[in-house]
Amino acid sequence: MKDFKGKTAVITGAASGIGEAFAHEAACRGMNVVLADIEAPRLANVEAAVRDKGAEALSLVTDTSKKDDVAALADAAFARFGNVHFLALNAGVAGAKGGTAWDTAPAEWDWVMGVNWQGVLYGVQAFVPRMIEKGEEGVIEATSSIMGLNTGTTAPYNVAKHAVARFMEGLYYDLQVAGSKLQAILLCPGPIATEIVKSTRNKPQAVPVEEGGLGGRAKIFHNWLHEHGMAPADVADMVFKAAEDGSFYVHTHPEYIEASFMRRVKGIVSEDKLPLELPPDFIEG
Ligand SMILES: NC(=O)c1ccc[n+]([C@@H]2O[C@H](COP(=O)([O-])OP(=O)(O)OC[C@H]3O[C@@H](n4cnc5c(N)ncnc54)[C@H](O)[C@@H]3O)[C@@H](O)[C@H]2O)c1
């Protein structure tokens with residue numbers, strides 16, 4: 001997809017971080033922008049900022065873990081702008097505690113899988129049939145993570161991001177088989193300077209947190225991300241370039257992917273065992 005001007009972008013998780021950067025990039029490219037997020041005040045700020053850039057904008061408070069919310073978002077976007085050409089299924093949460101396979105709370109599983117994985121599923125189900133029917137070019141992006149391709153512990157975040165990666169690979173083929181002009185993009189970020197570590201700000205009450213949230217570890221990691229992470233604007237730029245080039249994978253940190261993914265593949269194909277050394281846990285709770 002080369003031409004964005006006058007077309008429409010829909011972005012989930014648009015009130016912060018990577019989603020906010022998508023919104024600004026879309027506005028700069030002359031797109032109409034539909035912004036969806038669970039955090040109303042921040043969403044309103046981003047809406048005002050993209051309007052200042054000259055974009056037509058619409059924002060909807062949306063919980064991507066709720067199928068009806070995502071369906072309502074699609075209804076609103078198609079009703080206002082007629083079609084959607086850039087769908088970014090990007091909303092995500094890191095989790096709260098993310099214990100072991102046997103002691104992570106069911107409420108945490110529901111929350112993290114709901115936002116990170118089912119949010120993507122609901123988005124594809126609500127938007128893609130209508131985008132296909134319109135017969136125009138378009139892009140469906142989903143935000144996974146390097147944790148979606150490598151191995152590691154059972155934190156719900158990692159499991160959800162694997163689901164997103166495999167689902168989007170499948171969508172890539174489904175679109176080809178259907179002869180669609182739509183393109184799938186899988187974004188696998190490494191460390192990005194966003195608010196992801198503070199995700200418990202949006203958690204349902206039933207999700208237990210340790211005293212002080214993720215504790216000292218979270219604070220250290222948040223500061224580290226903001227010191228060393230990539231700027232969200234650079235990520236948005238990479239994704240729009242991938243849309244122009246027709247690429248599927250977008251790796252913000254190919255050096256991390258190569259090391260951790262190759263270790264995993266080597267374990268699978270030639271050693272019949274998992275690597276002993278765990279990859280660095282950038283995000284997981
Ligand atoms: N920052 C990183 O290092 C990193 C690395 C890999 C992947 N990611 C992924 O990037 C995506 C964007 O996260 P970010 O890093 O910009 O973090 P962020 O916290 O800055 O932004 C995430 C946005 O999602 C929204 N959100 C949370 N729960 C929601 C819900 N139920 N419904 C709708 N919106 C909801 C938040 O309010 C927030 O605005 C996520 O999917 C995340 O997992 C981030």
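In listed order, ligands and their atoms are each counted from 1.
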*Within less than 4.0 angstrom of ligand 1, does Ser144 place any heavy atom?*
yes

*Asn158 side-chain N/O to Met147 backbone N/O, donor-acceptor pair under 3.5 Å*: no

*List the steps and the verdict of side-chain contact (heavy atoms from CB on, under 4.5 Å) for Val93 and Asn116.*
CA-CA 7 Å; Val93 289; Asn116 293 7; 3.6 Å; yes

*Determine yes or no for a side-chain-to-main-chain donor-acceptor pair under 3.5 angstrom, with Asn90 supplying the side chain and Thr12 the backbone.*
yes

*Ignoring hydrogens and geometry, is there a side-chain-to-backbone donor-acceptor pair from Thr64 to Gly119 under 3.5 Å?*
no

*Residue-ligand contact Gly190/ligand 1, heavy atom below 4.0 Å*: yes

*Of the backbone atoms (N, CA, C, O) and the side-chain heavy atoms from C-beta on, which set of Ile18 has a member under 4.0 Å from an atom of ligand 1: side chain, backbone, both, or neither?*
both

*Nearest non-hydrogen partners of Met31 and Val33, listed with the distance*: O-CG2, 3.6 Å

*Record the part of Ile38 in heavy-atom contact with ligand 1 below 4.0 Å; permitted values are side chain, backbone, both and neither.*
both

*asked:* For atom 31 (N) of ligand 1, tell me which residue out of Asp37, Ile196, Asp63 has the closest non-hydrogen atom.
replied: Asp63

*At under 4.0 Å between heavy atoms, which part of Thr62 makes contact with ligand 1: side chain, backbone, both or neither?*
backbone

*asked:* Whether Lys7 and Glu136 form a salt bridge (side-chain N of Lys/Arg under 4.0 Å from carboxylate O of Asp/Glu) is what I want to check.
replied: no

*Quick one: does Glu39's side chain have a donor or acceptor within less than 3.5 Å of a partner on Asn202's backbone?*
no

*asked:* Main chain of Lys161, side chain of Ser144: is a donor-acceptor contact present, judged purely on distance under 3.5 Å?
replied: yes

*Should you measure from each heavy atom of Asn90, which atoms of ligand 1 turn up under 4.0 Å away?*
11 (C), 12 (C), 40 (C), 41 (O)

*Among Ala193, Ser199, Pro189, which one has a heavy atom closest to atom 6 (C) of ligand 1?*
Pro189

*Using 4.0 Å as the upper bound for N to carboxylate O, is an ion pair formed by Glu195 and Arg42?*
no

*ligand 1 versus Arg42, non-hydrogen atoms closer than 4.0 Å: side chain, backbone, both, neither?*
neither

*Heavy-atom contacts with Pro191 under 4.0 Å: which atoms of ligand 1 show up? List them by number with element.*
3 (O)

*Counting only heavy atoms, which portion of Val93 has something under 4.0 Å from ligand 1: side chain, backbone, both, or neither?*
side chain

*Within the side chain of Thr252, is there an N or O that forms a donor-acceptor pair under 3.5 Å with the backbone of Gly190?*
yes

*Verify the distance criterion only: is there a donor paired with an acceptor across the side chains of Tyr157 and Glu108 at less than 3.5 Å?*
no

*Output the list of atoms in ligand 1 that are nearer than 4.0 Å to some heavy atom of Ala91, sorted by atom number.*
24 (O), 33 (C), 34 (N), 35 (C), 41 (O)

*asked:* Any heavy atom of Gly229 closer to ligand 1 than 4.0 angstrom?
replied: no

*By number and element, which atoms of ligand 1 are closer than 4.0 Å to a non-hydrogen atom of Gly92?*
22 (C), 24 (O), 27 (C), 40 (C), 41 (O)

*Whether Asp69 side chain and Asp63 backbone form a donor-acceptor pair below 3.5 Å*: yes

*May I ask you to list the atoms of ligand 1 that are less than 4.0 angstrom from any heavy atom of Gly13?*
23 (C), 24 (O), 25 (C)

*Does at least one non-hydrogen atom of Arg201 fall below 4.0 angstrom from an atom of ligand 1?*
yes

*Hey, does Lys66 sit under 4.0 Å from ligand 1 if you only count heavy atoms?*
no

*Say whether Val115, considering both its backbone and side-chain N or O atoms, lies within less than 3.5 Å of an N or O atom on ligand 1.*
no

*asked:* For a side-chain contact (heavy atoms from CB on, under 4.5 Å) check, start with the C-alpha distance between Met113 and Val159, then their side-chain angles and the critical distance, and finish with the verdict.
replied: CA-CA 8 Å; Met113 294 304 286; Val159 177; 4.2 Å; yes

*asked:* Are any of the N/O atoms on Tyr157, whether in the backbone or the side chain, positioned under 3.5 angstrom from an N/O atom of ligand 1?
replied: yes

_Per-atom contacts of ligand 1 with Gly17, taking only distances under 4.0 Å to non-hydrogen atoms_ = 16 (O), 20 (O)

*Could you say whether the N/O atoms of Ser65 and ligand 1 ever approach to under 3.5 Å?*
no

_Out of all atoms in ligand 1, which are within 4.0 Å of some heavy atom of Asn202? Include the element for each._
27 (C), 36 (C), 37 (O)

*asked:* I'd like to check which ligand 1 atoms, numbered from 1 as shown, lie under 4.0 Å from a non-hydrogen atom of Lys161.
replied: 40 (C), 41 (O), 42 (C), 43 (O)

*Sub-4.0 Å heavy-atom contact, Thr143 with ligand 1*: yes

*Would you check if the side chain of Arg264 reaches a backbone N or O of Leu149 as a donor-acceptor pair within less than 3.5 Å?*
yes

